[in-house]
*Asks:* 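Here it is: the structure, laid out below.
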Amino acid sequence: MATALFAAVVLVTLAITLWAGRRSRAAEDFYVGGRSFSPVQNGFAISGDYLSAASFLGITGLIALYGYDGLLYSIGFLVAWLVVLMLVAELVRNCGRYTLADVLSVRMRQRPVRAASGTAGVVVTLLYLVAQMVGAGSLVSLLLGTGGGPARSWTIVGVGALMVVYVTVGGMRATTWIQIVKAVLLLCGTALLTALVLVRFHGDLAELMRSAARGSGAGSAYLEPGLKYGATATSRLDFISLGLALVLGTAGLPHILARFYTVPTARAARRSAVWAIGLVGCFYLMAIVLGLGAAAVVGSAAVRADNPAGNTAVPLLALDLGGGAGSTGGLVLFAVASAVAFATILAVVAGLTLASSASFAHDLYARALRRSDERPVTERQEVAMARIAAVAVGALAIAISLYAQRLNVAFLVGLAFAVAASANLPTLLYSLFWRRFTARGAVWAVYGGLIAALVLVAFSPVVSGGPDAIVPGVDFHWFPLENPGLVSIPLGFLAGWLGTVTSRTRADPDRYAELEVRSLTGAGAV
């Protein structure tokens with residue numbers, strides 16, 4: 001049954017892609033869907049893009065395993081939207097066209113800034129893609145009853161192939177409608193499971209929490225801070241680092257920023273963010289109940305035994321709520337939960353692949369890598385390169401995902417948020433609000449934050465030094481934290497400041513005045 005629902009999800013999304021592909025002609029159709037979506041539609045699409053496998057599978061799994069400390073992930077993901085609403089949504093819509101680099105190029109030299117921003121965009125979306133594809137592998141591995149191996153690997157390859165088809169054929173229009181359908185499915189499926197958990201405990205949240213504490217095996221410590229991050233001073237610093245990355249990273253995610261260009265006006269972009277906050281908030285409240293329910297009904301030990309990272313907590317909970325492994329109700333709920341999770345993954349990977357291909361084609365190929373005396377790239381050539389880039393990004397994401405299957409998907413997304421907050425956010429905020437900010441400052445901020453984050457991750461316990469590391473059996477880590485945000489985010493801001501104060505070329509006050517007026521009023525916006 002779950003396999004049939006998986007197939008139905010794939011067929012529906014492919015049908016949407018083919019329908020949208022016939023309506024996509026110009027670059028504006030491919031990158032931003034013709035800017036034709038309403039705030040409500042875009043709000044659902046944003047929530048569909050944002051609520052990834054990390055949310056549905058990873059966060060609920062972390063709550064099931066670590067209780068209070070797992071809950072902190074959901075708080076960080078939600079609070080981040082306040083930063084987006086207040087500082088980013090409207091201003092970015094007024095200043096940009098397709099990508100973050102468009103905002104920066106309003107007041108700065110095109111080539112170096114676009115090269116830096118485009119590179120960072122590809123790296124961030126690639127990290128996020130790995131998280132989604134690892135989640136897909138865990139899900140299908142559970143469905144087929146295999147511990148890993150060929151089934152999980154072929155699942156990752158299949159998801160990669162699908163995401164390439166979505167982007168190359170349908171562009172942003174198809175991606176948006178897939179995300180809207182996925183958001184509706186996700187919210188409805190989560191609401192159903194939440195209602196069943198509450199019915200199981202007769203609506204008594206206190207009893208649910210007590211049962212979760214008993215099922216966790218940790219007792220009262222499950223409901224208190226410190227089960228995951230409170231053992232040592234290093235783990236506490238790791239939590240602070242993670243919190244910074246989650247709260248500040250959303251405003252620098254290329255695939256989220258791109259969603260604000262799919263509406264016709266800045267007011268519509270702001271209303272889209274409000275809708276997204278409401279939908280995302282409702283989902284995370286339900287995710288808390290599901291995480292507690294998994295600990296209470298399934299048990300943390302059983303969740304960990306099935307998947308050490310907790311990525312399969314929701315399907316296991318659905319199976320138990322329906323009556324167990326041998327019951328019809330259990331199989332139906334398991335199939336529904338698995339299909340919703342699979343639809344979640346497909347929708348998010350489509351948005352991520354489109355964002356990365358746009359960064360490469362629009363920023364790197366069409367502008368940064370071309371000399372001023374060369375003939376400009378046509379829109380048709382640019383879109384063709386974006387489709388080629390989608391294939392390349394998909395292949396690279398598949399290769400990396402095959403080596404990261406043991407990691408929790410929420411944790412992997414935390415790394416992507418850290419890189420986005422370190423490289424993209426300082427550049428964006430400095431460009432919008434600092435009059436003296438220069439092109440050198442922008443390039444230094446992007447590369448300073450990006451290189452710092454990647455180097456710290458490469459020499460962290462995530463990559464080596466532990467049984468769950470990407471490269472087990474060796475130990476070359478010297479950075480103690482799993483998330484680099486505590487160090488890399490300040491370094492990104494510092495690099496931007498140093499680049500500006502040491503720049504021989506001063507910022508053009510007229511260009512900044514133009515950016516300021518355009519960002520606040522929308523005059524001259526595309």
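Because the structure is predicted, anything quoted here is derived from the model rather than measured. Here, residue 1 is the first one in the sequence, and each next residue gets the next number.
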*Asks:* Taking atom types as modelled and ignoring hydrogens, do the side chains of T176 and R259 form a donor-acceptor contact shorter than 3.5 angstrom?
*Replies:* yes
*Asks:* For the residue pair F283 and F56, categorise the inter-ring angle as parallel (less than 30°), tilted (30 to 60°) or perpendicular (more than 60°).
*Replies:* tilted
*Asks:* Do side-chain atoms of R173 reach the backbone of D29 as a donor and acceptor pair under 3.5 angstrom?
*Replies:* no
*Asks:* Measure the shortest side-chain to side-chain distance between V197 and V297 over non-hydrogen atoms and say whether it is less than 4.5 angstrom.
*Replies:* no
*Asks:* Can you find a heavy atom in the side chain of R93 that is under 4.5 Å from one in the side chain of Y261?
*Replies:* yes
*Asks:* Just say parallel, tilted or perpendicular for the rings of Y128 and H255, cut-offs at 30° and 60°.
*Replies:* perpendicular
*Asks:* Could you check whether any side-chain N or O of S105 sits under 3.5 Å from a backbone N or O of D102, counting only pairs where one atom can act as donor and the other as acceptor?
*Replies:* no
*Asks:* Taking all non-hydrogen atoms of both residues into account, name the closest pair between V274 and L85 and its distance.
*Replies:* CG2-CD1, 4.0 Å
*Asks:* Using side-chain heavy atoms (C-beta onward) and a distance below 4.5 Å, is F260 in contact with V84?
*Replies:* yes
*Asks:* Within the distance-only criterion (no hydrogens, no angle test), does the side chain of K182 pair as donor or acceptor with the backbone N or O of L51 below 3.5 angstrom?
*Replies:* yes
*Asks:* How close do A313 and V303 get, counting heavy atoms only, and between which atoms?
*Replies:* CB-CG1, 3.9 Å
*Asks:* I'd like to check Y166 versus L354 (side-chain heavy atoms, cut-off strictly below 4.5 Å). Are they in contact?
*Replies:* no
*Asks:* Taking only residues two or more places apart in sequence or in another chain, which ones pass side-chain contact (heavy atoms from CB on, under 4.5 Å) with V247?
*Replies:* V79, V83
*Asks:* Looking at R387 and V167, would you say the former's side chain and the latter's main chain have a donor-acceptor pair under 3.5 Å?
*Replies:* no
*Asks:* At their closest point, which heavy atom of L425 faces which heavy atom of L248, and how far apart are they?
*Replies:* CD2-O, 3.4 Å
*Asks:* Within the 4.5 Å heavy-atom criterion, are L129 and M163 side-chain neighbours or not?
*Replies:* yes
*Asks:* Any idea which heavy atoms bring T17 and G170 closest together, and the distance?
*Replies:* CG2-N, 3.6 Å
*Asks:* Taking the side chain as everything from C-beta on, heavy atoms only, tell me whether L428 gets closer than 4.5 Å to N424.
*Replies:* no
*Asks:* Quick check: does any side chain N or O of S357 sit under 3.5 Å from a backbone N or O of T353, one acting as donor and the other as acceptor?
*Replies:* yes
*Asks:* Check N483 against L415 and note the closest heavy-atom contact, atom names and distance.
*Replies:* ND2-N, 4.0 Å
*Asks:* Decide yes or no for N42 and I46: does some side-chain heavy atom of the first lie under 4.5 Å from some side-chain heavy atom of the second?
*Replies:* yes
*Asks:* Show the nearest heavy-atom pair for residues L432 and L515, with the distance to one decimal.
*Replies:* CA-CD2, 4.3 Å
*Asks:* Within this structure, what is the CG-CG distance for the pair L192 and L333, rounded to the nearest 0.5 Å?
*Replies:* 6.0 Å
*Asks:* Okay, side chain of T262, backbone of A258: is any donor-acceptor separation there less than 3.5 Å?
*Replies:* no
*Asks:* Quick one: does R114's side chain have a donor or acceptor within less than 3.5 Å of a partner on D363's backbone?
*Replies:* no
*Asks:* Using modelled atom types only, decide if a donor and an acceptor are shared between the side chain of S74 and the backbone of L71 within a distance under 3.5 Å.
*Replies:* yes
*Asks:* Quick one, E28 and M172 - any side-chain contact, counting heavy atoms below 4.5 Å?
*Replies:* no
*Asks:* Under a 3.5 Å distance rule, please check whether R35 uses its side chain to pair with a backbone N or O of V263 as donor and acceptor.
*Replies:* no
*Asks:* Fit a plane to each ring of W177 and W19, take the angle between them on a 0 to 90° scale, and name the class: parallel (under 30°), tilted (30 to 60°) or perpendicular (over 60°).
*Replies:* perpendicular
*Asks:* Classify the side-chain pair T99/Y31 by whether it contains a donor and acceptor separated by less than 3.5 Å.
*Replies:* no
